[in-house]
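Here's the structure we're looking at; comments come further down.
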Amino acid sequence: MKSTVAFHTLGCKLNYSETSTIGQQFTQNGYDIVQFNDGANVYVINTCTVTDNADKECRQIIRRALRKNPEAYIIVTGCYAQLKPDDIAHIEGVDAVLGSNEKFKIFGLLENFTKQKLSCIHVTPTEEMDEVFSASSSEQDDRTRAFLKIQDGCDYKCSFCTIPLARGKSRSLDVESVLNNFKQLIDNGYKEIILTGVNVGDYGKAIGSDFYSLLKAIIEIPGDFRVRISSIEPNLLTDEVISLTANSEKLCKHFHIPLQSGSSKILKLMQRRYNTDDYKKVVEKAHSKIDDLGIGIDVIVGFPGETEEDFLDTYNFLKELPFSYLHVFTYSERANTKAISMEGSVDIVERKRRNNMLRVLSEKKRNLFYHSMVGKELSVLFEKEGKDDEIKGFASNYIRVKTGYNPDLINTFTNVTISEVDDSHCVTDSNVCNSQMKSSVE
Ligand code: SF4
């Protein structure tokens, strides 16, 4: 009987794409990938440090795995493993702890997955991490949208962030490998490729390239596809990238641009590389150059020193910006960061209140944006997901669109006219949808 492996991933899309690549290695080595609850022979837990209570969460997952199979070999890897290998090695049941550099070397480092009394640790010190491993994954198994890793690590020193400690300095996959991996995904039938990394806009540093040149090379690849940028720092969203996006059908009309705070005082404490004026200029420029642009924004509330006035600055700053959704994070203290020892800790209840206020604002803006699409024609990539009688997908500007179920629409770009908005989707009439697909074929 074949050996089996199961995975559990915490954190970001980058981690998910890396887990998927580790999965391919197991398959190549003769393993069957099974569901977590199926009692696998080997469990790989790919951790994150951004998660609150990473330690608690990790323990729970290990216990769950061992309940399913008390003899299972347990490997813990990822950012949390890189930062706290000793703590993890002491958790009962853990067999191997692998750092960020070692997660792709499981078969070289661990011989036969035999349980020992003591767990082993393989972790390269963060400052010595200089390799970058390629990775890609799909969101579902329907071969519609895939995540492609192009970069790892970060040279920035945001005072709240542990990612540079866990993933090391900024490194880029060479251009040729990115293009080959990209072509491979297209050949496998994927229609939307999402470029991921820790600091994607920083791509190319130290290898004589840059993000704009990479985008230009990617859109020259022949084929029926589109490219989405997972997230880009405001100081790296250049005029060139904005113009390229405005002029290429292959680049999604969507930018996710982390802001973190709408108070320049807090941005300075966060050690971000821009102030609110810089941010506003970039967003307004992108918005004015690209029709129907979808803009997503990350914000952190409750950072040390954030007074009510600072928070209201953020709220009012955002209220005036033309964005389409927010990702709101509540600040939480992280060991080994500058922010943890800053004065002015914000009460937890107050942090939650601020978070709620921004979530409500996000909902209002999203609604406005969705309603502004009514009557417009958009190209939608429909996916398998959806109830029996409907089918859903994303437009280039990242709005969710649904229509009546029609299998012919799956994994095709279909021009649709938005007729109305329901709770969470723009809706298009399936007849309109069908006829437009037909006319685009004719
Ligand atoms: S840009 Fe700042 S927040 Fe983002 S990974 Fe780098 S250090 Fe962390």
Side-chain angles (χ1 to χ4, degrees), residues 13 194 228-234 237 242 245-246 251-264 266-267 270 272 274-303 306 308-331 351-380 392-402 416-428:
K13 297 291 185 205
I194 303 141
R228 197 178 291 282
I229 303 164
S230 59
S231 171
I232 185 160
E233 288 291 309
L237 183 50
I242 292 173
T245 306
L251 291 177
C252 284
K253 311 300 177 223
H254 169 217
F255 292 130
H256 190 96
I257 318 167
L259 165 69
Q260 312 306 16
S261 173
S263 148
S264 288
I266 298 297
L267 286 176
M270 288 176 162
R272 301 287 290 168
Y274 51 87
N275 58 32
T276 49
D277 283 345
D278 302 330
Y279 188 90
K280 194 166 171 238
K281 273 186 206 141
V282 171
V283 167
E284 284 177 348
K285 190 177 288 166
H287 184 253
S288 67
K289 295 227 155 129
I290 304 170
D291 290 341
D292 301 328
L293 179 69
I295 299 175
I297 298 178
D298 287 339
V299 206
I300 299 173
V301 292
F303 188 81
E306 186 189 69
E308 177 69 9
E309 201 185 332
D310 299 327
F311 170 68
L312 288 176
D313 282 349
T314 296
Y315 188 91
N316 291 324
F317 179 73
L318 285 167
K319 214 168 79 179
E320 300 307 320
L321 282 183
F323 68 88
S324 46
Y325 66 92
L326 296 176
H327 283 171
V328 188
F329 299 89
T330 301
Y331 172 77
R351 292 184 204 180
K352 286 197 180 136
R353 187 187 71 86
R354 294 178 187 177
N355 184 311
N356 276 336
M357 276 180 72
L358 289 189
R359 278 173 197 262
V360 172
L361 176 64
S362 173
E363 204 39 42
K364 280 186 190 158
K365 287 277 198 176
R366 190 190 66 82
N367 237 304
L368 276 173
F369 188 61
Y370 275 38
H371 276 99
S372 72
M373 292 299 127
V374 173
K376 294 205 169 172
E377 189 177 300
L378 302 173
S379 167
V380 177
K392 296 176 178 175
F394 284 96
S396 160
N397 62 359
Y398 209 51
I399 63 164
R400 293 169 186 276
V401 180
K402 72 177 184 190
V416 305
T417 303
I418 303 302
S419 48
E420 56 176 316
V421 179
D422 75 0
D423 286 350
S424 55
H425 286 78
C426 280
V427 182
T428 180

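Here the structure is a predicted model, which means the values were calculated and not measured.
With respect to Asn355, the side chain to side chain contact (heavy atoms under 4.5 Å, CB included) criterion is satisfied by exactly one of Val360, Thr330, Val299: Thr330.
The 12-atom threshold is exceeded at CD of Glu308, counting heavy atoms of other residues, nucleotides or ligands nearer than 6.0 Å.
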Does the pair Tyr279 and Ile297 meet the rule for a side-chain contact (heavy atoms from CB on, under 4.5 Å), with working shown? CA-CA 11 Å; Tyr279 188 90; Ile297 298 178; 3.4 Å; yes
Test side-chain contact (heavy atoms from CB on, under 4.5 Å) on Ile229 and Ser231 and set out the steps. CA-CA 6 Å; Ile229 303 164; Ser231 171; over 6 Å; no
Using ring pair (Phe, Tyr, Trp, His ring centres under 6.0 Å), reason through Phe255 and His287 one step at a time and then give a plain yes or no. CA-CA 10 Å; Phe255 292 130; His287 184 253; over 10 Å; no
Under the side-chain contact (heavy atoms from CB on, under 4.5 Å) rule, what do Asn316 and Lys319 come out as? Steps first, then yes or no, please. CA-CA 5 Å; Asn316 291 324; Lys319 214 168 79 179; 4.1 Å; yes
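Arg351 places a side-chain N or O within 3.5 Å of a backbone atom of Tyr331 that can act as its donor or acceptor partner. Counting only distance, with no hydrogens or angles, the side chain of Lys289 and the backbone of Thr245 share no donor-acceptor pair below 3.5 Å. Without hydrogens or angle criteria, Thr428 side chain to Ile418 main chain gives no donor-acceptor distance under 3.5 Å. Checking side-chain atoms of Ser396 against main-chain N and O of Cys252 turns up no donor-acceptor pair under 3.5 Å. Using a distance-only test at 3.5 Å, with no hydrogens or angles considered, no donor-acceptor pair links the side chain of Arg359 to the main chain of Leu326.
For the pair Val301 and Thr314, the minimum side-chain heavy-atom distance is 4.5 Å or more. Here the side chains of Asp298 and His256 are in contact, with some heavy-atom distance below 4.5 Å. Side chains of Phe323 and Leu259 form no contact here, defined as non-hydrogen atoms less than 4.5 Å apart.
Ring geometry for His254 versus Tyr325: interplanar angle of 30 to 60°, hence tilted. Using bins of under 30°, 30° to 60° and over 60° for the plane-to-plane angle, the ring pair Tyr315/Phe311 lands in the tilted bin.
Within the cation-pi definition used here (under 6.0 Å to the ring centroid, within 45° of the axis), Arg366 qualifies as a partner of Tyr370.
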